[in-house]
Amino acid sequence: MDQAPPAVQAEGVVKRFGPTVALDGVKLTVQPGESHALVGRNGAGKSTLVSVLTGLHKADAGTVTFGAEPAPAFGDTTAWQSKVACVYQKSMVVPDLTVAENLFLNRFDDNARWISWGRLRKRAEQLLADYGVQVDPDTRARDLAVEQRQFVEIARALSFGARLIILDEPTAQLDARGIGRLFDKLRELQSQGVAFLFISHHLQEVYELCTAVTVYRDARHVLTAPVADVAKTELVAAMTGEKSGGAVAWHAAGTTAPPDASAAPVLSVEGLTLEDRFEPLDLQVRPGEVLGLAGSAASGNTALGEVLAGMRKQGGGTVRVHGETVRPGSVPHALAAGIGYIPEDRHDQGLVLQRSVAENATLTVADQLGPWGTVLPSRTREFARGMIDSLDIKTQGPEQPVAGLSGGNQQKVVVARALARRPSVLVAVRPTAGVDVKSKDSLLGVVRRVADEGNAAVVVSDELDDLRVCDRVLALFHGRVVATFASGWTDGELVAAMEGVGERE
């Protein structure tokens, strides 16, 4: 029996942007019914290849075929959608439209003169049910939680019926249960012959889902192999160009002296509640300590981080920095009190993408950049250069628009802004979401350094690598602390606590 042709095959693909070579003769083959991982550091060429495979950019050289047929003509959007669909890391939903309208945007009803909103709703309900997405079709997209928007994106991409679906960091903002549901659905679709190109910086997910992996580095193809044949250390080495074991493996144990338990806390929280989501919460973070708040999106840990930063107003209780009460729900007062904040979503909450690196990095210190309320461009650039050097931000200079940076370097700009006022407390929500291995190590190193300088840091995440930098981890489940872990916890016990199946105090 003849083997079915590849769902997609790219050979010798070259793409240049001016003098920059974004793809240098790369190749990729994904078979029908296969989940194939594409990994590499930021700037390796992954996003450019996705743009070529989805018809957004035209390759300068090389060939792309779908099922042994040549790729559609450049610009024929309908034909491309019949071949391939993509779920991007940044949500593409229209916030002011309902879920149903987003799902069937530009294809409401091809055979009707008028839109039947009742029929549209029923179609949306069926589509959402097919993929296990529990969202009201009449809800405005802007009112959805981050993980709900991601699921709507996934459902919409799958609904086109393409035989190849590209998933670009689809789990970056999903909790463990959401990831499990997604993976179950992907496996079900694989059995029907649908192929997936899975792009992720979470290597454990590659081993959980994928059967093959391709590595790009510096715009070139480095490796393609069965996942089972590649050890994690070898995969990291292929991505970074460093020898196995050369990558940093962060863990607080043994890297720093333990925090002084007798020291007065930098951050203290007493009786904190938020609507009906929290049991009254008490916590303290002492000088030199990194505290982890581990839990899924439904645990309330992200909301807790937003309360600490003044983004939300708590229902009750107090937040204090060095004994001084922070005004509830006030970002300016939180900044003045010494709280720096790294938000969960750098695109929606962290950056003004069309503004420069310098402008983004100095948003919280505009009052320090000139006399009498003015902002001097020269002082802004000087301040930004210091942050660029300190955080090793790869940029053409302070004036470069931040939209032109890789994901890891964009995140470093967000960190620069959080550190600009030299905070006493750094609150970081999923600080390494959607960044490569080396950038992840660098960002966690910054968090560790903030604490080592005698301050306090709080890491809010369900990503285990983020939490390894912590001296102490509180596991939250549905708004309450169910377990406390000192440095040295195992993956299994922490995940069990976050999932509510292994309580320990």
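Note that these values count all heavy atoms, side chains included, but never hydrogens, waters or copies made by symmetry.
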>> Nearest 0.5 angstrom please: T29 OG1 to E11 CD, how far?
In response: 5.5 Å
> Donor-acceptor pair, N360 side chain versus V352 backbone, under 3.5 Å?
Replying inline: yes
>> So for atom CZ, which belongs to R449, do other residues, nucleotides or ligands contribute more than 12 heavy atoms lying within a distance under 6.0 Å?
In response: yes
>> Using a 3.5 Å distance criterion without hydrogens, assess whether the side chain of W80 forms a donor-acceptor pair with backbone atoms of L56.
In response: no
>> Whether D143 and R140 form a salt bridge (side-chain N of Lys/Arg under 4.0 Å from carboxylate O of Asp/Glu) is what I want to check.
In response: no
> Short question: side chain of D168, backbone of V87 - any donor-acceptor pair under 3.5 Å?
Replying inline: no
>> Using only atom types and a distance under 3.5 Å, with no angle test, would you say the side chain of R346 pairs donor to acceptor with the backbone of A433?
In response: yes
>> Could you check whether E125 pairs with K122 (Lys NZ or Arg NE/NH1/NH2 to Asp/Glu carboxylate O, under 4.0 Å)?
In response: no
> So, S35 versus Q190: side-chain donor-acceptor pair below 3.5 Å or not?
Replying inline: yes
>> Between H36 and T214, does the side-chain hydrogen bond (donor to acceptor under 3.5 Å, both in side chains) criterion hold? Intermediate values first, please.
In response: CA-CA 8 Å; H36 192 117; T214 290; 2.7 Å; yes
> side-chain hydrogen bond (donor to acceptor under 3.5 Å, both in side chains) between E188 and S191: does it pass, once the steps are laid out?
Replying inline: CA-CA 5 Å; E188 179 184 329; S191 68; over 6 Å; no
>> Take a 6.0 Å sphere around CZ of R355 and say whether it holds more than 12 heavy atoms from other residues, nucleotides or ligands.
In response: no
>> Any salt bridge linking R381 with E399? Criterion: basic side-chain nitrogen under 4.0 Å from a carboxylate oxygen.
In response: yes
>> Could you check whether R468 pairs with D491 (Lys NZ or Arg NE/NH1/NH2 to Asp/Glu carboxylate O, under 4.0 Å)?
In response: yes
> If you round to the nearest 0.5 Å, how far is CG of L353 from CG of L405?
Replying inline: 9.5 Å
>> Would you say the rings of H57 and F17 are close, in the sense that their centroids are separated by under 6.0 Å?
In response: yes
>> Under 4.0 Å between a side-chain nitrogen and a carboxylate oxygen: does that hold for D462 and R430?
In response: yes
> From K412 NZ over to S439 OG, what is the distance, rounded to the nearest 0.5 angstrom?
Replying inline: 5.0 Å
> Do we see a donor-acceptor contact under 3.5 Å between the side chains of S200 and E205?
Replying inline: yes
> Looking only at atom types and distance, does a side-chain atom of E359 sit under 3.5 Å from a main-chain N or O of S356, one as donor and one as acceptor?
Replying inline: yes
> Is there a donor-acceptor pair closer than 3.5 Å between any side-chain N or O of Q411 and the backbone N or O of P431?
Replying inline: yes
> Does NZ or CZ of R123 fall inside the cone over F104's six-membered ring, less than 6.0 Å from its centre and within 45° of the axis?
Replying inline: yes
>> Among V402, V357, D345, exactly one meets side-chain contact (heavy atoms from CB on, under 4.5 Å) together with L351. Which residue is that?
In response: V402
>> Whether the side chain of K46 engages the backbone of G40 through a donor-acceptor N/O pair (distance < 3.5 Å, no angle test) should be reported.
In response: yes
> Between CG of L167 and CZ of F198, what distance do you get to the nearest 0.5 Å?
Replying inline: 7.0 Å
>> Using 0.5 Å steps for rounding, measure from the CG atom of L164 to the CD atom of E34.
In response: 10.5 Å
> Can a salt bridge be assigned to the pair R217 and D24 using a cut-off of 4.0 Å between side-chain N and carboxylate O?
Replying inline: no
> Is the backbone of N102 close enough, under 3.5 Å, to the side chain of R156 for a donor and an acceptor to pair up by distance?
Replying inline: yes
>> Once rounded to the nearest 0.5 Å, what's the spacing between atom CD1 of I165 and atom CG of L186?
In response: 8.0 Å
> Would you say the side-chain atoms of T78 and Q81 include a donor-acceptor pair closer than 3.5 Å?
Replying inline: no
>> Donor-acceptor check, side chain of K15 to backbone of V21, threshold 3.5 angstrom: yes or no?
In response: no
>> For D138 and T98, which I'm curious about, is there any donor-acceptor pair between the side chains at under 3.5 Å?
In response: no
> Nearest heavy-atom pair of L444 and D465: which atoms, and what distance?
Replying inline: CD1-O, 3.4 Å
> Between the side chains of K232 and Q204, does any donor sit under 3.5 Å from an acceptor?
Replying inline: yes
